[in-house]
Structure formats: C-alpha cells, structure tokens
Trainee: 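Below is one structure. I have some questions about it.
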Amino acid sequence: MTLNLKNANVVGDFSAYVDQASGARLLSCLQCKKCSAGCPVAGQTDIKAHEIVRLVQLGQEKEVLSSRMIWECTSCQTCATRCPQKVSIAALIDTLRCVSRAQERVNERTTLPAFNDAFLDSVRKRGRVYEVGLMAAYKLRTLRLTEDMAMLPLMLKKRKLRLLPTEVPGSVERRRMWKRAKAAGGKRL
Amino acid sequence: VSYLFYPGCSLHGTAWDFNESTKQVVKALGIKMPEVEDWICCGSSPAHQTDALLALALPAKNLLAAKGKTVAVCCAACYSRLKTANHHIANEPETRQKVAEVVGTDYDGRTQVRHLLEILVKEVGLKKIASTIQRPLTGMKVVCYYGCLLSRPPEVTQFDDPENPTLMDQLLRAAGAEVIDFPHKTECCGAGYGITDVSLVTRLSGQILAMAKETGADCIATACPLCQLNLDLRQSAIEEDQHTNYGLPVFFFTQLLGMALGVSSQALGLESLVVNPNELLATRGMGA
C-alpha cells in the first residue's frame, strides 16, 4: 500500500496536541523500526512503537488511545535511546496515557491506572509510598484480592514490608501541589 | 566533597538491605552522606504516566531541599526521575516556570545528582577502593545487571555508555571479583509490572536469568531495587514457569563490595536475599 502524505494530514488537532505536549517531534520519524526492534513488549502487544508514531501522525486517535500498548510499555527508554532521529517515543506514550485517561478510553485489560492512582494517593497523603496500604488500596479498587498473596509471608519474613507507614510533614502543601499541577493541565510544555 | 543521600521509598521498604549495605560501604570509605531532610517520593512511574508536571515537581521539591549540595542516589528509578527533572527544568524555560508554579518555589534544575556507582568509580576512584579491600571477591563469577534507567536515555542521565555500561564491572573487578561479560546488562526486567501483569515480568526477568546462567556466572549484581526484587523474589516462580533451575543469588552491588571491604553479612542485610547465597559464599571462602 502506498500512502501519499502531505503536511496537512499530519498536523490535525490530535497529533498536533500530542506532539506539542510530549515534545516527541513526531514528524522526524523515518519508520526505520529500530524502536520496535529493541522494544521488550513488541512481541506481545497490539500496536508496536513505530506504529504508534505513525498512527498518531495520521490522527488515528481511537486506535492509539484504546490500545494495550500504551499500558504495556515498561518505559524502559530503549526506543528513545536508539532512535536515529531522536523521537521521544517513551514521552509520547506517557502523553497518550494521560489523554487516554482524560477521554476515558483506557483499554479494559489494564489495571495500571488504578495502581498509579493508589500509588500517588499514598504519596500525597504521607509523602512516601507505604507498600502495605498501597497494595490494599489497589486490590480494593481492582478486586484482585488473592493475586500475589502467596508472596506476602515471604516478604514479611524478609522484612521487605513495613508494617507502619512513615508520615512526612507537609501534607497540606502536597495537596496544593497536586491541585496546581492538575489545574495547569499536567502538561510540561 | 560531601553528599546528601536521597534513599527513596524502596530503600526504606523492600530494598532495606540496599540501604544498609550502602551505609556500610560509604562508612568504610569515609564518605559522609546524611539523608535529605524530609525527602518525599520522586513520583516514580505512576507520576510520569499520570501527570507530566507533578512528575517534575516532586523531584524538584526534593532537589530544592538539598540546598545546592550534590545529591547521591542508589535507586535507578529515583535517579532517572531526578535527572529527568533537571534535564527539562534546566533546558526548557517554559517548563521551569510551570514547575515553579506547582512547587511554589523556583528551581533552576542545577543541583547535581549522582548515582552511588558514579561516586565510587568516578569520584572516590578505583585506586582508593582497591587499596581498601580486605577480603577480595576472588573466584566469584559475577555478571553486572544495570537495568534500564541508569543509562537511558543517555542525554538525560549521562551515566555511562547506554548499551554497554561498565561502572559496576570496574568496581567489582577492583573488589577482586571475576566479572563476566553480560549481553543482557541493560535489558528490561519488566519493572513494576510484577503487580499489574506478572506474566510480563516472568518472561523478561526469565530471559535475564537464563542469559546469566548461560554465561557461567555464580551470581548477579544489581543497582536497582525493582530489578533485584524481580530477579530474586520472583526467581522461584520463574523457574517453575520455565521448568528449569537457576539458583542464582541476586546481590546489590553494595553487598558484594561491602563483603570485600570486610563488613559482616548481617550488617549488609544478606538475610533479606530470597535466593540463599550462603553456599556460594562458603565455597568462595566468603562465608560468615
């Protein structure tokens, strides 16, 4: 299949927003596929890294935002490191995660947003992650109650879990930080 | 040079032995490294996947708390987040201003951040470390596993060669170990997916363990709390899944170096390791 692209096709609202917010420089992509060649999840995911870039260029919002890929990416940064054109693919995927959540298009197979929320709540309240509380909150949100419980006795025996949380002063200030970041749209650029 | 230590949440939790062994190593080398006062979480992956501004504001708040002193870090994820914040804040005026509005204070992105490996190899120096070794790790065949975030992306971390880092190799060689070349030095272990999608960790960490075994190594040295957890705590589940047996102890590099510096296994938190290293240590004359 041959696609004849003009610049006009690749600067639609969606692609322009994502490109600007991520600083990814999408139009530099040569489709050399070096990103996907080194990607640890390329073999299992639905849309590979180089395909994500192309789909965003073409404004294929729905495919990208509801893909499994944006929640299976481990943020290992191999793609961005090896890209000969310095396209920040890992940053692009982070932006897509935010847009996917804002538009409520998160792929139903992932529970990562629930984990992320539980994690950030823990940090906002206490200043540091409290693993026992985090796992309880995550399990309640996802109802994955029994998974991984087999690890618990071993982790306790090895003193890997603190039974009591640490509280760092400044919770009021942290709540303000969270609010101000949200008010600014969570965008760096 | 004096440092302020940013341990991060993992070193106060699952990787408490990384924290203890770090304290022992720096003490033995005469480095002072008190903690950053009232440090908070760097935000880790949940922050950068959720809110790009918060993901920079949390590191900025901690770096401001260091009041200009160089910040020492052990956790690869914290290191990556602090370095990423510095990179964007120092190079993008618009980002700097937005972060200042979220934090409530302007931060210039110029507080120095160093990983303990950089401090030991580039600042303390291998010569000094070699001269301090009391019980060389003679005969210990080690592969060094760096994981993703120390060396990638290189323009942000400026740590070492992104495809073939050697700082840990050099350090453990200076401590007397036989460091074996390892093609999977910077492959991904599956990171935090142990909680939300464990099959991913089983597959990726499994490949790293298989390659380590293939090289003939006795054990793996790591510099990241999450990598260590995936390779050690989940090793028996991976062995079961792959119908094989690895039996590879997974140390923090500070535990191996600490032993060579003459620190006791107890003080280095070796009891925290899930794959028991005692038999290996006994056969290499490093038993307690």
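In the text below, chain A, chain B and the rest are named by the order of the sequence lines, each starting its count at 1.
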Trainee: Please look at L204(B) and chain A and tell me whether the side chain, the backbone, both or neither of the residue comes under 4.5 angstrom of a heavy atom of that chain.
Mentor: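 For L204(B), side-chain heavy atoms alone lie under 4.5 Å from chain A.
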
Trainee: Using a 3.5 Å distance criterion without hydrogens, assess whether the side chain of D160(B) forms a donor-acceptor pair with backbone atoms of T166(B).
Mentor: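 Yes, the answer is positive, given that a donor and an acceptor are paired below the 3.5 Å cut-off.
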
Trainee: Going by an N to O cut-off under 4.0 Å, is there a salt bridge joining K48(A) and E51(A)?
Mentor: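 Looking at K48(A) and E51(A), the cut-off is not met.
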
Trainee: Sort out for me which of A21(A), G170(A), C73(A) touches chain B most, counting heavy-atom pairs under 4.5 Å.
Mentor: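 Max contact count across the listed options: C73(A).
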
Trainee: Given that the side chain runs from C-beta out, which part of V129(A) has a heavy atom under 4.5 Å from chain B: side chain, backbone, both or neither?
Mentor: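 The answer is both parts of V129(A).
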
Trainee: For chain B, which of L189(A), D117(A), V123(A) has the most heavy-atom pairs under 4.5 Å?
Mentor: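 Greatest number of close heavy-atom pairs with chain B: L189(A).
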
Trainee: Could you have a look at S272(B), A52(B), A191(B) and say which one has the most heavy-atom pairs with chain A under 4.5 angstrom?
Mentor: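 Sorted descending by pairs with chain A, the first entry is S272(B).
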
Trainee: Would you mind checking if K61(B) and E173(A) are paired as a salt bridge, meaning a charged N to carboxylate O distance below 4.0 Å?
Mentor: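 Yes, E173(A) and K61(B) are salt-bridged.
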
Trainee: Measuring heavy-atom distances to chain B, does R159(A) have an atom under 4.5 Å in its side chain, in its backbone, in both, or in neither?
Mentor: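 Both backbone and side chain of R159(A) come within 4.5 Å of chain B.
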
Trainee: Among D197(B), L149(B), L200(B), L56(B), which has the most heavy-atom pairs under 4.5 Å with chain A?
Mentor: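 Sorted descending by pairs with chain A, the first entry is L200(B).
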
Trainee: Side chain, backbone, both or neither: which part of V99(B) has a non-hydrogen atom closer than 4.5 Å to chain A?
Mentor: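 Looking at V99(B), nothing touches chain A.
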
Trainee: Heavy-atom pairs under 4.5 Å with chain B are the metric here; pick the option from I70(A), T81(A), T111(A) that has the most.
Mentor: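 If we count pairs closer than 4.5 Å to chain B, T81(A) comes out on top.
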
Trainee: Testing the basics here: between Q49(B) and S75(A), what is the closest heavy-atom pair and its distance to 0.1 Å?
Mentor: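 Taking Q49(B) first and S75(A) second, the nearest heavy atoms are NE2-OG, 4.0 Å.
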
Trainee: Below 4.5 Å, heavy atoms only, C-beta onward: do K185(B) and P165(B) meet side chain to side chain?
Mentor: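 Yes; the side chains approach each other to less than 4.5 Å.
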
Trainee: In terms of heavy-atom pairs under 4.5 Å, which option from G38(A), A80(A), A114(A), G127(A) contacts chain B the most?
Mentor: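 Most heavy-atom pairs under 4.5 Å with chain B: G127(A).
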
Trainee: Which answer fits R174(A), side chain, backbone, both or neither, if we ask what part of it has an atom under 4.5 Å from a heavy atom of chain B?
Mentor: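 Interface part for R174(A): side chain.
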
Trainee: Under 4.0 Å between a Lys/Arg side-chain N and an Asp/Glu carboxylate O for D121(A) and R141(A)?
Mentor: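 Yes, D121(A) and R141(A) are salt-bridged.
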
Trainee: Given the options V156(B), L53(B), L233(B), which has more heavy-atom pairs under 4.5 Å with chain A than any of the others?
Mentor: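 Between V156(B), L53(B), L233(B), the count favours L53(B).
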
Trainee: By a 4.5 Å heavy-atom criterion (distance strictly below it), what part of H48(B) contacts chain A: side chain, backbone, both, or neither?
Mentor: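 H48(B) touches chain A through backbone and side-chain heavy atoms alike.
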
Trainee: What are the two closest non-hydrogen atoms of K158(A) and L273(B), and how far apart are they?
Mentor: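 Between these two residues, the closest heavy atoms are NZ-O, 3.0 Å.
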
Trainee: Given S21(B) and Q255(B), is the side chain to side chain contact (heavy atoms under 4.5 Å, CB included) satisfied, shown in steps?
Mentor: CA-CA 5 Å; S21(B) 52; Q255(B) 292 176 316; 3.6 Å; yes

Trainee: Of the listed residues (L161(A), L120(A), L96(A)), which shares the most heavy-atom pairs with chain B below a 4.5 Å separation?
Mentor: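 Ranked by contacts with chain B, first place is L120(A).
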
Trainee: Is E92(B) in contact with chain A via its backbone, its side chain, both, or neither, using a 4.5 Å heavy-atom distance?
Mentor: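 When you check distances to chain A, only side chain atoms of E92(B) fall under 4.5 Å.
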
Trainee: With a 3.5 Å cut-off and no angle check, do the side chains of E20(B) and Q24(B) form a donor-acceptor pair?
Mentor: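 Side-chain D/A pair, E20(B) to Q24(B): absent.
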
Trainee: Any idea which of Q207(B), E187(B), R234(B) has the most non-hydrogen atom pairs under 4.5 angstrom with chain A?
Mentor: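 The option with the most such pairs is R234(B).
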
Trainee: Relative to chain B, which segment of K86(A) carries a heavy atom at a distance below 4.5 Å: side chain, backbone, both, or neither?
Mentor: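 When you check distances to chain B, only side chain atoms of K86(A) fall under 4.5 Å.
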
Trainee: Does atom NZ of K157(A) have more than 12 heavy-atom neighbours from other groups under 6.0 Å away?
Mentor: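 No, not enclosed.
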
Trainee: In terms of relative ring orientation, are W39(B) and Y6(B) parallel, tilted or perpendicular, with 30° and 60° separating the classes?
Mentor: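 Rings of W39(B) and Y6(B): perpendicular, as their planes differ by over 60°.
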
Trainee: Could you tell me which portion of R109(A) (side chain, backbone, both or neither) has an atom closer than 4.5 angstrom to a non-hydrogen atom of chain B?
Mentor: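 It is neither, since no heavy atom gets under 4.5 Å.
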
Trainee: Under a 4.5 Å heavy-atom cut-off, does chain B meet the side chain of T110(A), its backbone, both or neither?
Mentor: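 Neither; nothing under 4.5 Å.
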
Trainee: Considering only heavy atoms, which portion of L154(A) lies under 4.5 Å from any heavy atom of chain B: side chain, backbone, both, or neither?
Mentor: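 Side chain of L154(A) only, per the 4.5 Å heavy-atom cut-off to chain B.
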
Trainee: Kindly check if the number of other-residue, nucleotide or ligand heavy atoms within 6.0 Å of CD (Q103(A)) is above 12?
Mentor: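 Counting other residues, nucleotides and ligands, CD of Q103(A) exceeds 12 neighbours.
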
Trainee: Between S15(A) and Q57(A), do the side chains contain a donor N or O and an acceptor N or O under 3.5 Å apart?
Mentor: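 Looking only at side-chain atoms, S15(A) and Q57(A) do not form any donor-acceptor pair under 3.5 Å.
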
Trainee: Between M177(A), R101(A), R188(A), which has the largest tally of heavy atom pairs under 4.5 Å with chain B?
Mentor: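 Most heavy-atom pairs under 4.5 Å with chain B: R188(A).
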
